[in-house]
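This structure is a prediction, so every number in the text was calculated from the model and none was measured.
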Amino acid sequence: MGRLNVPVICGLSGGLAIPALQVVELLRALPEEWEEWAGQENSGLDPSTTATLADLVRQLADQIDLACIEIASDEE
């Protein structure tokens with residue numbers, strides 16, 4: 001996996017946040033890595049289990065995308 005630069009934003013309350021786009025990019029990149037590793041001989045990863053977990057993470061990324069689209073649509 002390549003290096004991922006993520007901007008950190010400090011909110012008014014002092015909490016830290018990162019843009020949703022970077023979260024979604026990370027959530028989409030991780031399953032690709034897992035599946036690549038699972039496909040390698042002697043990885044110790046079960047391809048079926050890895051594929052199931054990858055699907056769940058992709059679904060989470062989709063949910064975040066949809067929530068952001070909904071928020072952006074409501075603001076218009």
Revision key, fill the gap. In this structure, CG of Leu21 is separated from CG of Asp65 (nearest 0.5 Å) by 8.0 Å
Review point. Shared ILVMFWY cluster between Leu16 and Leu26, side chains joined below 4.5 angstrom?
Key: yes
Study note, to complete from the structure: For Asp62, the side-chain hydrogen bond (donor to acceptor under 3.5 Å, both in side chains) test, sequence neighbours excluded, returns Arg28
Practice item. Would you name the heavy atoms of Trp37 and Ser43 that are closest together and state the gap between them? Key: O-CB, 3.0 Å
Review point. So which heavy atom on Pro31 is nearest to which on Val57, and how close?
Key: CG-CG1, 3.8 Å
**Study point:** Minimum heavy-atom distance Val24-Ala61, with the two atoms named
**Key:** CG2-O, 4.0 Å
Check your understanding: Does the side chain to side chain contact (heavy atoms under 4.5 Å, CB included) test come out yes or no for Ile18 and Val23, once each step is laid out?
Key -> CA-CA 7 Å; Ile18 61 173; Val23 172; 3.4 Å; yes
Review point. What distance do Leu30 atom CG and Leu53 atom CG have between them, rounded to the nearest 0.5 Å?
Key: 11.5 Å
Check your understanding: When rounded to the nearest 0.5 angstrom, what distance separates CD in Gln59 from CG in Leu27?
Key -> 12.0 Å
**Study point:** Those residues that, when tested against Glu35, pass side-chain hydrogen bond (donor to acceptor under 3.5 Å, both in side chains) (two or more places apart)
**Key:** Arg58
Review point. Would you say the side-chain atoms of Thr50 pair up with the backbone N or O of Leu45, donor to acceptor, closer than 3.5 Å?
Key: no
